[in-house]
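Right, one structure below, let's go through it.
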Amino acid sequence: MTAHDPTKDETDLAATSEGTGRTAIEAGLMGRIVDRAGYVFAAGIVLAAAILLLEVFLRYFLNSPTIWVHETTVFLCGAAFVFGGLYCTCKNSHIRVVLLYDLFPPRLRRIADIAISLVSALAAGFFAYAAWHMVKRAVWAPSGVIRLETTGSAWSPPTPALIKIFIFIVMVLLVLQFLILAYNYARGRTAG
Amino acid sequence: MSHLFDLSALGIGGGTILMFVLLVVLLLTGMPLAFVTLLVALIFALGWFGPMSIPLITSRVYSFVMNFVFVSVPMFVLMAAILDRSGIARDLFDAMKIFAGRIRGGVAVQTVFVSVILAAMSGIIGGEIVLLGLIALPQMLRLGYDRNLSIGVVCAGGSLGTMIPPSIVLIIYGLTANVSIGELFTAAFFPGFMLAMFYVAYILFRAYFSEGIVPPVDRTEIPTVEKLRLLKGLALPILVVAVVLGSIYGGIASVTEASAIGVGGVVVSTILRGEFSYALMRDAALQTLATVGMIVWIGIGATAIVGVYNLMGGVDFVSGMITGVSDNPTVVVLLMMAILFVLGAFLDWVGIALLTMPIFVPIIKSMGMDPVWFGVLFCMNMQISFLSPPFGPAAFYLKSVAPPDISLGDIFRALVPFICLQIIAVGLLVAFPGITGR
């Protein structure tokens with residue numbers, strides 16, 4: 001269990017599976033857009049760190065804890081977690097067992113790539129369907145009125161509804177991304 | 001049930017086998033673990049319970065993603081990512097030279113101590129092994145250290161990142177097992193240090209009893225001015241470690257807040273060192289996004305499949321099988337260690353933690369044993385999984401920066417004695433739970 005390609009000789013930190021790696025060429029235009037969008041969510045993590053520091057400062061030095069820090073950081077990181085799945089898909093950096101895969105000849109490996117992408121698209125599609133049920137309950141009241149689910153705290157932001165909608169959107173995007181990957185693997189071209 | 005296929009007709013035994021076979025077959029094709037587990041979870045949810053069970057999975061996934069304690073994971077990863085990109089580790093290595101210069105095998109010992117300090121600033125291992133591979137390995141090879149010893153020290157030392165607090169392995173364990181992460185960190189400190197001392201003892205033993213393993217001691221005196229300059233490299237890392245671990249152990253901040261304080265600490269360090277830049281911060285943040293994306297999505301898949309399996313009655317089924325092996329708790333624990341050891345050779349620790357701990361921890365609790373101790377034991381066991389072939393990640397991390405004439409086979413061979421030391425450490429932890437201080 002390692003990075004998808006343990007044989008490549010790179011000396012930068014991206015060479016580890018804990019690194020960023022590069023966006024797979026087969027991910028196409030969508031992969032490049034996702035790569036760019038990653039900046040926003042990465043910035044979200046940094047912002048969450050800054051907000052947490054602010055909270056510690058406010059509480060210990062000014063003795064005035066806030067009511068919004070907890071939910072804001074959970075929201076920022078939650079969004080980054082969910083998006084991270086799409087980000088890793090475009091970079092082909094999800095953890096996988098390459099025990100047999102590495103032994104495959106190039107032809108079989110291409111077939112495996114196509115099959116893996118299609119089956120993963122199916123899994124993501126399944127989950128998008130499941131997430132849609134979750135979204136329905138978080139966004140609409142039983143009467144049919146739009147009512148975003150909130151955290152129910154003193155501040156009570158609608159972050160649960162927003163994250164649930166976001167999970168659904170990312171799942172749909174994942175289906176699309178896996179189909180693009182499958183298509184480009186099948187075409188056997190590396191430009192996309 | 002009216003749906004197309006009714007898996008519940010298989011019974012729990014058949015269902016377990018089918019699930020296991022599906023997981024293994026899909027994994028072996030090279031499909032990402034996260035999507036394998038998601039797919040199998042959904043197949044079983046629909047096939048066993050029908051569409052009514054779907055909300056169970058989604059709500060589990062939602063609560064997994066929206067968890068305040070989990071926020072500490074990106075923070076510790078970000079901290080490590082910034083650290084790896086700064087020159088802090090290099091200066092630290094140079095500074096440790098003052099202490100280790102006079103003994104045989106000094107540079108190797110120095111490497112272990114640098115790893116321990118780096119480990120106390122970082123909860124992941126990839127960056128640390130790459131750094132040590134870039135800084136310590138070339139120096140040891142140049143000075144004439146035995147190649148196997150040098151490689152082993154770098155890989156084993158670098159892996160301490162997840163043993164010595166703060167450790168992401170312990171955070172994930174704490175979340176799955178519902179155990180206080182502060183307590184886990186406290187309990188893991190001494191065992192982690194003990195493992196590091198095993199490495200030091202092994203290095204010294206080899207250095208003094210085998211000829212030609214290490215070069216003769218360099219007797220040149222380091223001038224006092226130079227010593228003071230080098231010591232400055234030690235000040236910042238020690239300060240950051242003290243603030244982060246101090247605020248957790250001292251109860252000043254929660255683990256999540258302490259992790260953010262750690263990020264603040266390394267950012268301030270890079271600013272003081274004049275290394276801070278937009279590019280450094282951007283790259284570190286992007287690496288964090290990719291790392292947590294990978295970890296969280298394995299978690300999403302694992303939490304889904306464990307949820308379904310639990311509802312099927314599978315957790316009770318497996319518990320019954322494991323506890324049925326013996327009435328002796330130690331035998332049960334050893335069996336679990338053996339299972340973890342085998343899984344560790346093929347799966348990564350996130351998957352193992354999230355898939356097995358929901359089954360193992362209730363057994364441990366029901367046998368009246370301490371889940372915190374078991375967490376440390378698990379963490380120690382995962383140290384072995386980092387090094388053990390065929391998929392010890394530590395070896396791959398090092399391979400990416402090692403000189404080209406060092407093959408993966410060389411690395412794994414070099415790791416054998418260190419794996420033995422880790423197994424001894426696991427054995428000691430099982431035999432003497434008091435090592436955790438509990």
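Residue numbers begin at 1 in each chain, while the letters A, B, ... track the order of the sequences. It should be emphasised that the depicted structure is a prediction, and the values quoted were computed from it without experimental measurement.
Using a 4.5 Å heavy-atom threshold, the side chains of Ile116(A) and Pro32(B) count as touching. You'll find the side chain of Phe126(A) stays beyond 4.5 Å of the side chain of Ile57(B), heavy atoms only. For the pair Phe35(B)/Val119(A), no side-chain contact is recorded, criterion being any heavy-atom separation below 4.5 Å from C-beta on. At a threshold of 4.5 Å between non-hydrogen side-chain atoms, the residues Leu52(A) and Val71(B) count as touching. Side chains of His133(A) and Thr58(B) form no contact here, defined as non-hydrogen atoms less than 4.5 Å apart. Using a 4.5 Å heavy-atom threshold, the side chains of Ile95(A) and Val350(B) count as separate.
There is no contact between Ser117(A) and chain B, counting heavy-atom distances below 4.5 Å. Proximity to chain B is limited to the side chain of Phe178(A), based on heavy atoms less than 4.5 angstrom apart. Of the two parts of Ile252(B), the backbone and the side chain both hold a non-hydrogen atom closer than 4.5 Å to a non-hydrogen atom of chain A. Only the side chain of Val263(B) comes within contact range of chain A, with heavy atoms under 4.5 Å apart. Neither the backbone nor the side chain of Phe64(B) has a heavy atom closer than 4.5 Å to any heavy atom of chain A. Of the two parts of Ile261(B), the backbone and the side chain both hold a non-hydrogen atom closer than 4.5 Å to a non-hydrogen atom of chain A. Residue contact with chain A, scored on non-hydrogen atoms closer than 4.5 Å, is absent for Met79(B). Both the backbone and the side chain of Met31(B) come within contact range of chain A, judged by heavy atoms closer than 4.5 Å. Of the atoms belonging to Val36(B), not a single heavy atom falls under 4.5 Å from chain A. For Ile298(B), the part sitting under 4.5 Å from any heavy atom of chain A is the side chain, from C-beta outward, and nothing else. Using a 4.5 Å cut-off between heavy atoms, Ser259(B) does not touch chain A at all.
Put simply, OG1 on Thr29(B) and CZ on Arg96(A) are 8.5 Å apart, with the number rounded to the nearest 0.5 Å.
Chosen from Val65(B), Leu26(B), Ile54(B), the residue pairing most often with chain A at heavy-atom distances under 4.5 Å is Val65(B). Highest contact tally toward chain B, considering only Asp35(A), Asp113(A), Val74(A), is held by Val74(A) [criterion: heavy-atom pairs under 4.5 Å]. Contacts with chain B were tallied for Ser120(A), Gly78(A), Ala112(A), Ala48(A); Ser120(A) has the most, counting heavy-atom pairs under 4.5 Å. When each of Leu289(B), Val73(B), Leu39(B) is checked for heavy-atom pairs under 4.5 Å with chain A, Leu289(B) comes out on top.
Ring geometry for His70(A) versus Phe68(B): interplanar angle under 30°, hence parallel rather than tilted (30 to 60°).
When all heavy atoms are compared, the tightest approach of Ala34(B) to His94(A) is CB-ND1, 4.5 Å.
With sequence neighbours excluded, the residues forming a side-chain contact (heavy atoms from CB on, under 4.5 Å) with Leu179(A) are Leu118(A), Ala121(A), Val175(A), listed by chain and number. Remark: Glu55(A) engages Arg59(A) in a salt bridge (Lys or Arg N to Asp or Glu O under 4.0 Å) (not counting sequence neighbours).
Residue Arg109(A) places its CZ atom among more than 12 non-hydrogen atoms of other residues, nucleotides or ligands, all under 6.0 Å distant.
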